[in-house]
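Report on the structure given below.
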Protein chains: 2
Amino acid sequence: MVTTQPKGSPDEADLTRADSLAREIFSDIANKWALLIIETLGERTMRFSELRNEVEGISHKMLTQNLRMLERNGLVERHVHPTVPPRVDYTLTQPGQALRATVDGMCDWTHRYFGHIEAARHRFGT
Amino acid sequence: MVTTQPKGSPDEADLTRADSLAREIFSDIANKWALLIIETLGERTMRFSELRNEVEGISHKMLTQNLRMLERNGLVERHVHPTVPPRVDYTLTQPGQALRATVDGMCDWTHRYFGHIEAARHRFGT
DNA sequence: CAGGATCCAAACGGATACTG
DNA sequence: CAGTATCCGTTTGGATCCTG
């Protein structure tokens, strides 16, 4: 990722294809809601309505949309219980858990550098 | 982050303030371009036009916008050389470098689970 | 309860033109 | 070269209504 493509390489086509796919995946998951969902779901399996409550501020629409995307990329597994009313559980897959570890890092970072950031903002003006 | 606020805590006001600030910071940096800039700038100090070339696909506007935001949050330092034509260097601060480490993790993840993701997408339909 | 569909306002983001 | 400002189409995302 972030690679300046070596344009002369033999399997250039595959490299660029892989590169653009990597980029696409990155774009998918590098967004606020997706990362918050991954982080939240990391704690434990949850159903739709639980997620809705735990991920503060997320709308119905954004939650479904991101869950579908995460499922498509194999980060989340969706289990439908054929009951009525329906019950759907969402769980992080192993790749999802692996990514969650790095998202944890981002969260830790936010807390560790909280002071730095406030100071920087003050220096900056706003 | 991602906390279900303990509404009864004594310094509740401070907690929610800190929480919403943490959330704001998270929203700022958890976006595609910001993370790509951090990742790219992690390699070395670069000037505006270099960044423009290295961060593939980024527009002039998005680059300036995100650089300002990163500067405001103390992740990036901006050094203006008073020459003509002007030359501006951007460098990651120490907090920026720290965050970069976790972004590296995300990039590694993308490559490590590349196969899983392709397979998942295939199973999913698209 | 889970989630699809629709409407619509707000934001994002690219292209372009202009300045020091 | 670096950066601001503006125009304007595209996308996002919330609110709402509807189904199994």
Side-chain angles (χ1 to χ4, degrees), chain A residues 20 23-38 40-41 44-73 75-92 124-126, chain B residues 20 23-38 40-41 44-73 75-92 124-126:
Chain A
S20 77
R23 186 57 170 275
E24 193 190 319
I25 295 165
F26 192 84
S27 302
D28 268 4
I29 59 177
N31 90 64
K32 180 183 158 182
W33 293 128
L35 294 183
L36 284 176
I37 291 172
I38 289 167
T40 305
L41 217 46
R44 59 182 174 83
T45 292
M46 288 185 199
R47 46 194 301 189
F48 187 84
S49 46
E50 286 177 306
L51 269 170
R52 182 106 164 73
N53 293 329
E54 295 293 326
V55 182
E56 187 173 316
I58 198 169
S59 71
H60 187 139
K61 188 179 181 179
M62 285 303 97
L63 184 53
T64 359
Q65 209 167 90
N66 278 282
L67 282 174
R68 289 296 159 277
M69 179 274 287
L70 292 172
E71 191 190 356
R72 178 172 110 92
N73 288 320
L75 292 168
V76 158
E77 249 168 30
R78 183 165 173 272
H79 297 289
V80 184
H81 303 274
T83 59
V84 44
R87 175 196 178 96
V88 182
D89 288 333
Y90 290 95
T91 317
L92 278 195
F124 192 79
T126 68
Chain B
S20 78
R23 188 55 170 277
E24 193 190 320
I25 295 165
F26 193 83
S27 302
D28 268 2
I29 60 177
N31 91 64
K32 180 182 160 183
W33 293 129
L35 294 182
L36 285 175
I37 291 172
I38 289 168
T40 306
L41 217 47
R44 60 183 172 83
T45 292
M46 287 185 198
R47 46 194 301 189
F48 187 85
S49 47
E50 287 178 304
L51 269 170
R52 181 106 166 70
N53 293 329
E54 296 293 327
V55 181
E56 187 173 315
I58 198 169
S59 72
H60 187 137
K61 189 181 180 177
M62 285 301 98
L63 184 51
T64 3
Q65 210 167 90
N66 279 280
L67 281 173
R68 290 296 159 276
M69 179 273 287
L70 292 173
E71 192 191 354
R72 178 170 110 92
N73 289 319
L75 291 168
V76 157
E77 248 166 31
R78 183 165 172 269
H79 296 288
V80 184
H81 303 274
T83 59
V84 44
R87 176 196 177 92
V88 182
D89 288 334
Y90 289 95
T91 317
L92 277 194
F124 192 80
T126 68

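Each chain gets a letter, A, B and so on, in the order the sequences are listed, and its residues count up from 1.
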Rounded distance in Å - [atom1] ([X]) to [atom2] ([N]):
| X | N | atom1 | atom2 | value |
| --- | --- | --- | --- | --- |
| B:Asn31 | D:dT12 | CG | P | 13 Å |
| A:His79 | C:dA2 | NE2 | C1' | 16 Å |
| A:Leu63 | C:dC1 | CG | C1' | 13 Å |
| B:His81 | D:dG3 | NE2 | P | 11 Å |
| B:Glu50 | D:dG3 | CD | P | 13 Å |
| A:Leu51 | C:dG3 | CG | P | 10 Å |
| A:Met69 | D:dT12 | CE | P | 11 Å |

Does the side chain of [X] get closer than 4.0 angstrom to OP1 or OP2 of [N] through an N or O atom?
| X | N | answer |
| --- | --- | --- |
| B:Ser49 | D:dA2 | yes |
| A:Tyr90 | C:dC1 | no |
| B:Arg47 | D:dC1 | no |

Nucleotides 13-17 of chain D: which of its N/O atoms have a protein N/O under 3.5 Å away?
unit_1, atom_1, unit_2, atom_2, d
D:dG13, N7, A:Lys61, NZ, 2.9
D:dG14, OP2, A:Ser59, OG, 2.4
D:dG14, O6, A:Lys61, NZ, 2.4

To check you understand the geometry: which heavy-atom pair defines the closest contact between [X] and [Y], and what is its length?
| X | Y | result |
| --- | --- | --- |
| B:Arg47 | B:Pro86 | NH2-O, 4.0 Å |
| B:Ile38 | B:Leu92 | O-CD1, 3.7 Å |
| A:Ile58 | A:Ile37 | CD1-CD1, 4.0 Å |
| A:Glu50 | A:Thr45 | OE1-O, 4.4 Å |
| B:Ala34 | B:Leu70 | O-CD1, 4.3 Å |

- [ ] Answer with base, sugar-phosphate or nothing: what part of the nucleic acid does B:Arg78 contact at a heavy-atom distance below 4.0 Å?
- [x]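 The residue B:Arg78 makes sugar-phosphate contact but no base contact.
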Open item on the list: Once you apply a heavy-atom cut-off of 4.0 Å, does A:Arg68 come out as touching a base, just sugar-phosphate, or nothing?
Closed with: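 Sugar-phosphate, no base atom in range.
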Open item on the list: To the nearest 0.5 Å, what is the distance between CE on B:Met69 and CD1 on B:Ile29?
Closed with: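 Between B:Met69 CE and B:Ile29 CD1, I get 8.0 Å after rounding to 0.5 Å.
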Task: Approximate separation, where rounding is to 0.5 Å, of A:Leu35 CG and A:Thr40 OG1 - done: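 Reported to 0.5 Å precision, the distance equals 10.5 Å.
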Open item on the list: Is there a side-chain contact between A:Leu41 and A:Leu75 in this structure, where contact means two heavy atoms from C-beta onward sitting under 4.5 Å apart?
Closed with: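 With C-beta onward as the side chain, the pair stays apart.
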Report, one line per pair, each donor and acceptor closer than 3.5 Å where one atom sits in a side chain of residues 77-85 of chain B; sequence neighbours left out.
unit_1, atom_1, unit_2, atom_2, d
B:Glu77, OE1, B:His79, NE2, 3.4
B:Arg78, NE, B:Tyr90, OH, 3.2
B:His81, NE2, B:Asp89, OD2, 2.8
B:Thr83, OG1, B:Pro85, O, 3.0

Open item on the list: Report for the helix from C:dC1-D:dG20 to C:dG20-D:dC1: angle between first-end and last-end helix axes, five pairs each, rounded to 10 degrees.
Closed with: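 Its terminal axes enclose an angle near 40°.
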